[in-house]
Amino acid sequence: MMLDTVENETGADPQWSVLWLHGLGADGHDFAPIVPELVRPHWPAIRFVFPHAPVQPITINNGVPMRAWYDIVSMDFRSRADSAGVEASIVELELLIEREIARGIPAERILLAGFSQGGAVILSALLRRTRPLAGLIALSTYLPDPAKAATARVADAISVPVFMAHGTQDPVIPVAIAEHTAQTLGALGLPVEWHTYTMAHQVCAEELHALGEWLEARFAA
């Protein structure tokens with residue numbers, strides 16, 4: 001079954017879609033309130049889709065169940081993400097992409113966004129995808145096991161623009177981990193726009209403004 005979602009359309013007959021994955025323990029409502037802060041009046045109509053991750057036990061949280069895109073099995077960033085869980089979430093994400101295509105939004109006008117765990121899923125999905133997308137928005141996140149992911153990248157994987165932003169005071173995912181992800185993506189030929197802000201594991205107004213400028217360029221293209 002397809003994941004339940006929260007949807008917000010900024011106008012009639014949307015021409016673009018943004019699929020936005022939340023972080024650990026949150027749900028699809030988490031980022032819905034930023035739509036009016038982010039969207040500019042002259043932009044084309046956009047359908048924002050915020051899916052709810054399944055509820056599952058999280059190992060590092062003593063097995064307490066919560067919404068998560070994958071289990072976190074250790075504190076080591078090279079092995080903390082349950083690879084089977086990441087793969088399952090990629091499958092769920094692809095189903096949502098296909099639904100948007102069926103609703104009349106071409107893949108070239110679909111953007112993937114993710115915060116923290118959600119960002120890890122969209123970055124992992126990117127390295128396997130051979131069909132076009134408009135771009136990726138990776139906020140306060142990282143690519144699980146970047147060395148393995150780089151070697152596992154399919155030969156004809158697409159190259160799409162990536163917006164990455166991170167807090168220099170992030171206690172959950174150190175900024176150096178995220179910066180290494182940005183460098184890895186760049187080495188694979190992906191155009192990455194990298195931003196840092198004096199903040200913790202969160203989103204700030206300056207970040208949303210920069211993201212708005214990046215999206216403006218995507219719509220203009």
Side-chain angles (χ1 to χ4, degrees), residues 6-11 14-51 53 69 77 109-126 133-144 146 159-188 190-221:
V6 176
E7 295 191 6
N8 186 332
E9 295 184 357
T10 63
Q15 303 170 44
W16 294 73
S17 290
V18 179
L19 306 181
W20 200 309
L21 276 58
H22 61 77
L24 176 67
D27 63 20
H29 295 284
D30 196 34
F31 278 91
I34 76 159
V35 171
E37 298 181 50
L38 177 63
V39 171
R40 300 178 182 183
H42 61 279
W43 282 0
I46 307 165
R47 178 186 296 120
F48 285 86
V49 179
F50 303 96
W69 298 108
F77 279 91
R109 291 188 176 183
I110 297 175
L111 295 116
L112 305 182
F115 177 82
S116 196
Q117 259 208 348
V121 171
I122 67 166
L123 288 173
S124 298
L126 174 63
L133 288 171
L136 259 72
I137 302 162
L139 309 179
S140 300
T141 191
Y142 72 107
L143 178 64
S159 179
V160 303
V162 178
F163 178 93
M164 282 195 75
H166 212 87
T168 57
Q169 311 302 314
D170 193 329
V172 178
I173 303 172
V175 66
I177 298 293
E179 190 167 18
H180 183 244
T181 286
Q183 293 167 350
T184 299
L185 296 175
L188 292 172
L190 297 167
V192 178
E193 185 172 313
W194 168 253
H195 296 262
T196 57
Y197 301 93
T198 307
M199 63 179 185
H201 197 61
Q202 62 191 97
V203 174
C204 66
E206 295 87 350
E207 179 181 12
L208 291 180
H209 177 77
L211 175 55
E213 292 295 303
W214 183 85
L215 285 169
E216 185 99 26
R218 306 285 77 74
F219 299 142

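Positions are given from 1 along the sequence. Bear in mind the structure is a predicted one, so any value in this text is a computation, not a measurement.
- For the atom pair D170 CG and H201 NE2, the distance stands at 5.5 Å (nearest 0.5 Å).
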- Message: Run V49 and N8 through side-chain contact (heavy atoms from CB on, under 4.5 Å) and show every step you take.
- Response: CA-CA 7 Å; V49 179; N8 186 332; over 6 Å; no

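- Between the OG1 atom of T196 and the CD atom of Q169 there is a distance of 10.0 Å, given to the nearest 0.5 Å.
- At a threshold of 4.5 Å between non-hydrogen side-chain atoms, the residues V203 and L211 do not count as touching.
- Note on ring orientation: taking the six-membered ring where Trp is involved, the planes of Y142 and F77 are perpendicular (angle over 60°, cut-offs 30° and 60°).
- Contact record, P191 with S159: CD-OG, 3.6 Å, taken as the closest heavy-atom pair.
- Looking at H22, its side chain never comes within 3.5 Å of a backbone N or O of G114 through a donor-acceptor pair.
- Looking only at side-chain heavy atoms (C-beta outward), V192 and F163 stay at 4.5 Å or farther from each other.
- Centroid-to-centroid, the aromatic rings of Y197 and H166 stay 6.0 Å apart or farther.
- Closest non-hydrogen pair, A134 versus P161, comes out as O-CG, 3.5 Å.
- With L136 as the partner, the side-chain contact (heavy atoms from CB on, under 4.5 Å) test is satisfied by one option alone out of L185, L111, L123: L123.
- Within the 4.5 Å cutoff, the side chain of L112 has no heavy atoms near those of the W20 side chain.
- Minimum interatomic distance between S140 and I173 (heavy atoms only, all atoms of both residues): O-CD1, 3.4 Å.
- Pairing each heavy atom of V160 with each of L190, the nearest pair is N-CD2, 3.6 Å.
- A donor-acceptor contact shorter than 3.5 Å is absent between the side chain of E207 and the backbone of A205.
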- Task: With side-chain contact (heavy atoms from CB on, under 4.5 Å) as the test, would you mind laying out the steps for W214 and I137 before giving the verdict?
- Result: CA-CA 10 Å; W214 183 85; I137 302 162; 3.6 Å; yes

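- Between T198 and T168, some side-chain heavy-atom pair lies under the 4.5 Å cut-off.
- In this structure, L139 CG and C204 SG are separated by 10.0 Å, a value rounded to the nearest 0.5 Å.
- By the 4.5 Å heavy-atom criterion applied to side chains, F219 and R109 are not counted as neighbours.
- The closest side-chain heavy-atom distance from P51 to W69 is below 4.5 Å.
- Aromatic ring centres of F115 and F31 lie closer together than 6.0 Å.
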- Task: Would you check, one step at a time, whether the test side-chain contact (heavy atoms from CB on, under 4.5 Å) holds for D27 with F50?
- Result: CA-CA 8 Å; D27 63 20; F50 303 96; over 6 Å; no

Return all side-chain donor-acceptor pairs below 3.5 angstrom for residues 38-47, not counting sequence neighbours, or 'none' if the list is empty.
from : atom 1 : to   : atom 2 : distance (Å)
R40  : NH1    : E213 : OE2    : 2.7
R40  : NH1    : E216 : OE1    : 3.3
R40  : NH2    : H209 : O      : 3.4
R40  : NH2    : E213 : OE2    : 3.0
H42  : NE2    : E216 : OE1    : 3.2
H42  : NE2    : E216 : OE2    : 2.7
W43  : NE1    : E216 : OE1    : 3.0
R47  : NE     : E9   : OE2    : 3.0
R47  : NH1    : E100 : OE1    : 2.7
R47  : NH2    : E9   : OE2    : 3.4

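- When all heavy atoms of V18 and A113 are compared, the closest pair comes out as CG1-CB, 4.2 Å.
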- CA sep, side-chain torsions, deciding dist, call: T10, F48, side-chain contact (heavy atoms from CB on, under 4.5 Å): CA-CA 8 Å; T10 63; F48 285 86; 3.9 Å; yes

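- Within the model, atoms CG of L208 and CG of L215 stand 10.0 Å from one another, a figure rounded to the nearest 0.5 Å.
- The minimum heavy-atom distance linking M164 with T141 is given by the pair CE-O, 4.1 Å.
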